[in-house]
2 protein chains.
Amino acid sequence: MPTVTLDDVAAAARVSRSTASRVVRGTGPVSAEARRAVLAAVEHLGYVPHPGARALASGHGERVVVAVGSPSADLLADPYVARVVSAASRAADTQGVGVALRWLGLDPRDELRRLARDPGVGGVLLVDYTADVLASVPRDLVARVAAIGPADGRVPSYDVDAAAGIAALVEHVLATGRRDVVMVTGPGWLPGSRRAVDAYEAVTRAAGVPRRVVSADLTTGAGADAAREARRRWPGVDALVAMSDTLAVGAMRALAEDGVRVPDDVAVTGFDDQPFAEQAGPGLTTATHPVERIAAAATTALLGRRREERRTFPSVVVRRGSA
Amino acid sequence: MPTVTLDDVAAAARVSRSTASRVVRGTGPVSAEARRAVLAAVEHLGYVPHPGARALASGHGERVVVAVGSPSADLLADPYVARVVSAASRAADTQGVGVALRWLGLDPRDELRRLARDPGVGGVLLVDYTADVLASVPRDLVARVAAIGPADGRVPSYDVDAAAGIAALVEHVLATGRRDVVMVTGPGWLPGSRRAVDAYEAVTRAAGVPRRVVSADLTTGAGADAAREARRRWPGVDALVAMSDTLAVGAMRALAEDGVRVPDDVAVTGFDDQPFAEQAGPGLTTATHPVERIAAAATTALLGRRREERRTFPSVVVRRGSA
DNA sequence: CACCGTTGTGGAAGCGTTCCCACGCGAGTC
DNA sequence: GACTCGCGTGGGAACGCTTCCACAACGGTG
């Protein structure tokens, strides 16, 4: 089974290799007719660009590096990161390239510079980053970076529509008659935290109910603490809207230990629809976070050198027992 | 910063590019003097071979493919697979290579042949495979394959010492006075199932208590069903030893719904020590499964072309509330 | 002393792309 | 009608490496 090259495609389409290359990469001026012929040939011959050759000629490489930008290395073992890597690996496989996982460390700027210089790196997928990290992306790397999560305009962003998801959850809770809804948000350095709070505030303001926010790290322990803090500060609380399932499960645990019934006394919602959300206590009401689709889209875009400003993926509410 | 090429190295060492290449790859006859000069130049200039150029010229790349051998594609999204991919990606990154994820599909033999032929593939990590898949590894691929899990002698195996882990759990349960211990094992096609049962049988036989086994798919639903089946068939059951945390959590759920108290009426143990094991009901007693370490070791061995027959990693019991 | 294999070496031809440059061509401008 | 302009196109030189081949120098063999 001899490998199909761009020359084969060009010959089949009766154009030059240059034109075939332009069509495949989607750059430069090409007549509609030539484009059609080339695409047909690609389809027919089953052409797949050779990543090595591409890397060699273009000067920048093939590997996709999933770069974890959190200040701590713990998140490298995080299930969320694992899902991103896994989905990216699957998407990369179809293009004949591989994925690597790296922690940006304590000096992200430096590590990003190294990434930009590495001839083997075709693209960088940013995960769990701070605004700081986003700003340290070197200019010459920007074209090869995609952020999994919110971003400013400089770096393209692939993200769940968390604002809509959180808003829908808050509305759901209000629709069931709750009036004292506390938002449990993430740490301040996480860009998503701000966004979640904004969505929550918009809905609660419109509904004329009070706005109450507590902040916590994204662990079950912190979720438990947050639930207790909320009940202490606002004894009348009848709903807890958490920014993540992890937080929510922690909160439910604390409530159960304190003899508070879920959802009868306090409704609880999470976010992400992780596998354990289904297994937790009464079943956690949450909103989906299509991590796999997001990571796959970002990877494909990166490898295709297609540039998109931002792309958001819908989040839908999953009703279970907890709210 | 211009990239350092092999020509630069050759020039600095006052030899030809050919000789420099021989030294770098460690092949072919080279005088001691030339070798020394080249290595010094490599060191001094900070030379790193361009993986793309290498792949292009040599015809074969070095990507590591994580191949999922289960009959169903669902397991591609499995957290276990995600952990393997994630750890492999991290290990691969240190060697400057990438990892791809692929499902072997309904005809694993065919897909494995394709992998063997693919010039971009440096190694294959087998995951979630049947004995069948193991046997279909083509001869010329064997040297580039490692199995994450049990294996026959043909393919090197990197695996947790599940037998010891299960045995320790059964012993722990017996030590707390249980006498009617049911093993909940996985589906027959999974090589690990057999092993778990063997370990269970050895310990129960030695202790002179009855041997009782039910089999189930590795889902919470199946775990719930298995728990009910066990109680129906053996009403006096006072302990459930499951082959995985997922199974155990499902079992606990069914028991709770049926009004059976854990651990007072029935003790439950899992295996894997997954994150949710801590959060489940009374906290799941389980045994560790160092997936990350296993995957990392297998990847490193594969890339270093080091061949090991098999390597097992210890599993230790984690005591929580359920047993 | 012609012949041989062995050992170290350099030259050069690719590998499959991208990208720069030059070319032809028709439509506008003076 | 000679001129620029822009578009679509093709040619060809890289890109950094591996690998094949040729060759020189050498000691050993008939």
Side-chain angles (χ1 to χ4, degrees), chain A residues 1-39 41-42 45-63 95-97 117-122 143-144 303-306, chain B residues 1-39 41-42 45-62 96-97 118-120 122:
Chain A
M1 179 211 30
T3 60
V4 180
T5 75
L6 196 53
D7 279 311
D8 301 333
V9 171
R14 310 192 159 283
V15 297
S16 71
R17 176 175 56 239
S18 309
T19 302
S21 174
R22 278 186 281 262
V23 171
V24 170
R25 282 174 308 140
T27 71
V30 184
S31 68
E33 190 188 1
R35 161 165 292 113
R36 223 169 11 78
V38 171
L39 291 178
V42 165
L45 298 173
Y47 168 74
V48 179
H50 189 301
R54 189 168 258 195
L56 183 56
S58 69
H60 42 241
E62 43 191 53
R63 234 176 329 136
Q95 318 269 327
V97 313
R117 259 200 328 247
D118 187 329
V121 173
R144 290 180 285 152
L303 290 173
R305 304 261 195 285
R306 266 181 288 109
Chain B
M1 43 359 326
T3 58
V4 180
T5 75
L6 196 53
D7 278 314
D8 299 335
V9 172
R14 307 190 162 284
V15 298
S16 72
R17 178 175 52 236
S18 312
T19 302
S21 173
R22 274 176 221 124
V23 171
V24 169
R25 281 175 310 137
T27 73
V30 184
S31 68
E33 190 189 2
R35 160 165 293 113
R36 222 169 12 77
V38 171
L39 291 178
V42 165
L45 298 174
Y47 168 73
V48 178
H50 190 299
R54 195 167 251 197
L56 184 56
S58 69
H60 50 245
E62 39 193 17
V97 313
D118 187 330

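Every value quoted in this text rests on a predicted model; they were computed, and no experiment measured them. Naming: A, B, ... by sequence-line order, numbering from 1 per chain.
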### Test item: Glu62(A) side-chain N/O and Gly52(A) main-chain N/O as donor-acceptor pair under 3.5 Å
yes

#### Entry: Side-chain (Arg35(A)) to main-chain (Arg22(A)) donor-acceptor, under 3.5 angstrom
no

### Query
For Asp118(A), what residues pass the salt bridge (Lys or Arg N to Asp or Glu O under 4.0 Å) criterion, not counting sequence neighbours?
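Here the qualifying residues are Arg63(A).
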
### Query
Can you give one letter per nucleotide of nucleotides 15-27 of chain D, 5' to 3': B if a protein heavy atom sits under 4.0 Å from the base, S if only from the sugar-phosphate, - if neither?
BBBBB--------

### Message
Are more than 12 heavy atoms, taken from residues, nucleotides or ligands other than Arg25(B), located less than 6.0 Å from that residue's CZ atom?
### Response
yes

### Message
Heavy atoms only, 4.0 Å cut-off, all strands: where does Ala34(B) land among base, sugar-phosphate and nothing?
### Response
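Result for Ala34(B) = sugar-phosphate.
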
### Query
Any chance the side chains of Ser18(B) and Ser21(B) put a donor and an acceptor closer than 3.5 Å?
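There is no such pair between these side chains.
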
